[in-house]
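To keep things clear, I will list the structure first and then write my remarks on it.
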Amino acid sequence: MYIPFTKRTSIKSKLFFVILFFVCAPLILFGYFWYEKTTSSLEQNAIQYSQHLLNQTNQYLNFYLEDLKKATAPFQTNLQVKQYVDLQPQPKDKFTTFQLSKQIQEEAFASILNGRSDIFGISLINKNVMQVNNYSQVNTFLDMDEIRNRNIELWKKVDSFDTYEVLDVEKIQDTSVIPIVRKLYDKTTYETTGLLIIHLQLNQLAKIINEVTLSHFNNVWIVNEHHKIMYHSNEELLGTTSISHSFQSNISVQRENKENTLLVHEEFPNTELKWGLIASVPMDRIMGNLIKLRNSTIWVGLILIGAALFFVGGFSFSLTYSLENLQKLMKSAESGNLNLKRKKPFPLYQNDEVSDLYESFYTMTTELDRLIEQVHLAKLKEKELELRTRESELQAMQSQINPHFLYNTLEIINSYAIIENQPTISNMTTSLADMFRYNVSNTKKVVTLQEEMAQIKSYLQIQQERFEKLRVIYDLNDSDLQDVITARLTLQPILENAFIHGYEEHQLAPEFIGIYGKKTTYYYQVFVVDLGKGMSPDTIETYNYAFTHNVDPPEPQKSTKRIGLMNVHKRLCTQFGFPYGLSIQKSDETGTVIEVRLPFAVEKQIKEA
C-alpha cells in the first residue's frame, strides 16, 4: 500500500501512518481470524504436547534400559565369570572358589553396582547351581536363602528365556523389583553355562518419568506385552493387569468420557522390549490453561497496540529534537568553528545510534582541529626525529667500539702473560676472549654444534684452571658436529647448572664433566654428565613432565635454581619444534645425566639473528 507524503511531512506523521496502516490494521485482521481458529486447534495442540512429553519420556526410559543392557554384555567375556561357570559342585580347592567368588563380587559386579542406586542386587548362577550374590547396597535385613531359591527357580526356566530378557515385576520382602536375566553361553558348544540375574529397583524409572511428566500428567505407568503393570506410582497395582488398551504401531489417543480424561499411550522404540507407556491427564486442566492463555494474549496485544499509538507522538518529537540540535552544530562547524560545546541528544536516544552520531560528529571536529595543529608541528617533529636518528647511530657505533676495546685489552693481558711466562693466565685470557667474542659479537640465533662446542671448550678450560682436579671428557664425532645445529648458548647453562647445583651447593669440588654425542635416525643426542649430587625424584618427574609438554612446572614445585634448564628447553622447542629439547635421563647421589636432542642441518637452515 503506497501512502503519498509531501516534502514537508514531519517524521511524527510518517511514523503514525506507518504504525497505523502497516502494524495496527494487519494485527486486527489477523487477530480476528486467529480468534476464530484458536478454539478448534487448542485441543489438538494439547494432545500433541502430551504426545511429545510422553515420547520424550519414552526415549529416556529406552536409553536407560539399553544402557543397562550394554553394561551386562561384558560378563559374557569376563575371565573370572568364565572360570566360575565352569566350576564343579565340589571343587578340590575351596579357597580358590572363595577367592574367585570374591573377585567377581569386587570387580565384575562392581563395574555395574558402583555409583548406581537403582540396582537392588546382582547374582550369578552356573549350570551346577552354584551362586555368587552381591546385595551389599541393601541397608535392611535381607533373607539370602529366599534370593538363592528364587535364582534356582529362574535357572530351571533358563531354556525359556531369551539371551537378554526383562521379567515381570515382583517383590523381595517389601521392595518391588524387576528381574533382568542374561544367559551366558559356551562359545564352542553354544550351551547355556550360566545366568546373570539383576534385580532392578523402580526408583530410577520413577525419577525419569517424574522429571519430564510430573507437572503435566496426573499419572504415568508402564505395562508389558501381557498388559501387566511394571511401574505405577501406586505400588499396590504393580504386577496387576492394566485396563485394556490395544497398542498400535503408531501413537493413538483415547478418551474416557465418564471422567473426561485424556489417555495417551505409546510403545517403547526397542522392539525386543515390548513395553508400553500410558499417561492420563484431565482435559479440563490442559484446555483451561490454554484458553486463559489465549484470552490473556488478546488483551496484552490490544494494550501494546494502544501504548504504541500513545507513545508514537513523544517518540517522534524526541527524535526530531535531537536531529535538529545536530543540524545546528553542523552549520556552526561549516562556518569554521571547530571548538564546539558538547551537547547530548534527547535522553531517550543516549547510548544508541543517535548518540553514536553525536559522538562521531564531535570526534570528526576534534580530529580536524588536531590535524590542523599537527601541520604546524610537523617540521619540529621532523627535526626531532633527525636528532634521534643520529643519536641511535652514535649508540650503535659505541656498542661496536666497547667490545673491540675489551678484546684489545684481553689481548694485551695475554701478551704480558706470555712475556712473563704465565701460561695459566694466558690460557684463561684467551678462553675468556673467545667466550666474549662468541657471546657478544656473534648475532646468530642458530649455530652449528661445532661452533657451540668451541665456545664450551673455552668455558671448560677456564673451569679447569679454577679446579685443578676437574677432569673433562669429550666423546663426540667431529665429522658430525658440522651437520648438527642448535640455538646459541645451549650447553653453557646446562654446564653451569652442573657446577652450581651438582657440586658447589653440596660443598663438593668439581671432579668430572663429560660431554658425549650420539647420532640417531631422527636427531642428534648430546649427553652432559656430572658426578655431583643429583635431584630428588619429585623434581626429576616435575621437570621431565614440563619438558615433555613444554609447560612451566607447577608454581609450588617451580625452582628458580633450575630456571636455566627450562629456558634452554623452551628456546630449542620454539626454534626447532618437537621432539627437540631437554630430558633428565638420570639424577641421583652418583650424578646427573641431561640429554639434549638437536636437529640435523638438513632439516633446518641456520638462521641469522
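Here, residue 1 is the first one in the sequence, and each next residue gets the next number.
- Classification of Glu153 and Arg150 as a salt-bridged pair fails, no side-chain N sitting under 4.0 Å from a carboxylate O.
- A donor-acceptor pair is defined here as one N or O able to donate and one able to accept, closer than 3.5 Å; no such pair exists between the side chain of Gln137 and the backbone of Gly121.
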Item to check | side chain to side chain contact (heavy atoms under 4.5 Å, CB included) assessment of Asn151 paired with Asn133 | outcome: CA-CA 10 Å; Asn151 294 340; Asn133 302 286; 3.3 Å; yes
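- Between Leu142 and Phe120 the shortest side-chain heavy-atom distance falls below 4.5 Å.
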Next on the checklist: Thr192 vs Phe161, test: side chain to side chain contact (heavy atoms under 4.5 Å, CB included). Steps then yes/no.
Outcome noted: CA-CA 11 Å; Thr192 302; Phe161 296 148; over 6 Å; no
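- At least one donor-acceptor pair under 3.5 Å links the side chain of Gln201 to the backbone N or O of Ser117.
- Formation of a donor-acceptor pair under 3.5 Å by the Thr77 side chain with backbone atoms of Pro74 is found in this model.
- Relative ring orientation between Tyr135 and His199 is described as tilted, the plane-to-plane angle lying within the 30° to 60° band.
- In plain terms, the two heavy atoms of Asn126 and Met130 that are nearest each other are OD1-N, 2.8 Å.
- The environment of OH in Tyr545 is sparse: at most 12 heavy-atom neighbours from other residues, nucleotides or ligands sit within 6.0 Å.
- Between Ser587 and Gly534, the closest heavy-atom pair is OG-CA, 3.2 Å.
- Judged purely by distance below 3.5 Å, without hydrogens or angles, the side chains of Tyr580 and Thr486 never pair a donor atom with an acceptor atom.
- Taking the charged nitrogens against the carboxylate oxygens, Lys70 and Asp67 have no contact shorter than 4.0 Å, which rules out a salt bridge.
- The number of heavy-atom neighbours closer than 6.0 Å to CZ of Phe527, taken from other residues, nucleotides and ligands shown, is above 12.
- Once rounded to the nearest 0.5 Å, the distance linking CG of Leu200 with CG of Leu167 reads 11.5 Å.
- Residues Leu582 and Ile494 form a side-chain contact, since some pair of their non-hydrogen atoms from C-beta on lies under 4.5 Å apart.
- Here the straight-line distance linking atom OG1 of Thr72 with atom CD1 of Ile180 works out to 8.0 Å at 0.5 Å rounding.
- In this structure, the side chain of Arg597 engages the main chain of Pro579 through a donor-acceptor pair within 3.5 Å.
- Of the inter-residue distances, the one linking Gln99 atom CD with Gln80 atom CD reads 10.5 Å to the nearest 0.5 angstrom.
- Distance OH/Tyr185 to OG1/Thr163: 3.0 Å, rounded to 0.5 Å.
- Counting heavy atoms of neighbouring residues, nucleotides and ligands inside a 6.0 Å radius, atom NZ of Lys586 exceeds 12 of them.
- The heavy-atom pair separating Val446 from Phe576 by the smallest distance is CG1-CZ, 4.0 Å.
- Open room surrounds CG on Asp174; 12 or fewer heavy atoms of other groups in view lie less than 6.0 Å from it.
- Contact between Val169 and Ile229 at its shortest, heavy atoms only, is CG1-O, 3.5 Å.
- Note: His569 and Phe547 have tilted aromatic rings, judged against thresholds of 30 and 60 degrees for the angle between ring planes.
- No donor-acceptor contact under 3.5 angstrom links the side chains of Glu191 and Thr193, judged on distance only.
- For the pair Lys183/Glu165, no side-chain contact is recorded, criterion being any heavy-atom separation below 4.5 Å from C-beta on.
- For the pair Tyr84 (side chain) and Gln131 (backbone), a donor-acceptor distance under 3.5 Å is present.
- Heavy atoms of other residues, nucleotides or ligands lying less than 6.0 angstrom from CD of Glu541 number 12 at most.
- A pairwise comparison of heavy atoms in Trp155 and Gly194 identifies CZ3-C, 3.7 Å as the closest pair.
- What you find for Ser176 and Lys171 is that their closest heavy atoms are OG-CE, 3.3 Å.
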Item to check | Leu196 vs Tyr164, side chain to side chain contact (heavy atoms under 4.5 Å, CB included): CA-CA, chis, key distance, verdict | outcome: CA-CA 9 Å; Leu196 180 68; Tyr164 180 87; over 6 Å; no
Checklist entry - Given Ile594 and Asn497, is the side chain to side chain contact (heavy atoms under 4.5 Å, CB included) satisfied, shown in steps? => result CA-CA 11 Å; Ile594 305 291; Asn497 194 73; 6.0 Å; no
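- Between Phe109 and Leu124 the shortest side-chain heavy-atom distance falls below 4.5 Å.
- Distance alone, capped at 3.5 Å, places no donor-acceptor pair between the Gln76 side chain and the Arg182 backbone.
- The structure places CE of Met144 at 10.5 Å from CG of Asn149, a figure rounded to the nearest 0.5 Å.
- Between Leu195 and Leu184 the shortest side-chain heavy-atom distance does not fall below 4.5 Å.
- Atom CG of Asp168 sits about 9.5 Å away from atom CD1 of Ile178, to the nearest 0.5 Å.
- Remark: Lys519 NZ is loosely packed, at most 12 non-hydrogen atoms of other residues, nucleotides or ligands lying under 6.0 Å away.
- Here the side chain of Asn114 pairs a donor or acceptor atom with the backbone of Ala110 at under 3.5 angstrom.
- In this structure the side chain of Val526 never reaches within 4.5 angstrom of the side chain of Val484, judged on heavy atoms.
- Inter-residue side-chain proximity for Ile112 and Ile122 is flagged as met; some heavy-atom pair is nearer than 4.5 Å.
- Under the 4.5 Å side-chain criterion, counting only non-hydrogen atoms from C-beta, Val85 is not in contact with Phe75.
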